[in-house]
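Note sheet for the following structure.
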Amino acid sequence: MGDQEVQIIDFEEMLRFIEKRLASAGTYVKREAIITILQAEEAFLLEKGVLQEMSE
């Protein structure tokens, strides 16, 4: 892995943060829709090489 920095993101924490931000903007989005968007974003970032899957 070399000099690369690894950062672990807690999915549930990120989901709650997004829900709170949307709520504070007066917008309600179903949790399932947010999850679908996050999964699509993850797939895109993996495809572009921005994210890498790690083995435990």
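Here the structure is a predicted model, which is why all the values come from computation and not from measurement.
- Atom CG of L38 sits about 11.0 Å away from atom CD1 of I9, to the nearest 0.5 Å.
- Here the CZ-CD1 distance, from F11 to I35, works out to 5.0 Å after rounding to the nearest 0.5 Å.
- Hydrophobic side-chain contacts under 4.5 Å tie Y28 to no other Ile, Leu, Val, Met, Phe, Trp or Tyr residue.
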Which atom pairs, one a donor and one an acceptor, fall under 3.5 Å between side chains of residues 15-22 and the rest of the protein, sequence neighbours left out?
unit_1	atom_1	unit_2	atom_2	d
E19	OE1	R31	NH2	3.0
E19	OE2	R31	NE	2.9

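- A chain of hydrophobic side-chain contacts below 4.5 Å, direct or via other Ile, Leu, Val, Met, Phe, Trp or Tyr residues, connects I34 to M14.
- Here side chain to side chain donor-acceptor pair (under 3.5 Å) pairs that include residues 35-46, with residues two or more places apart or in two chains, number zero.
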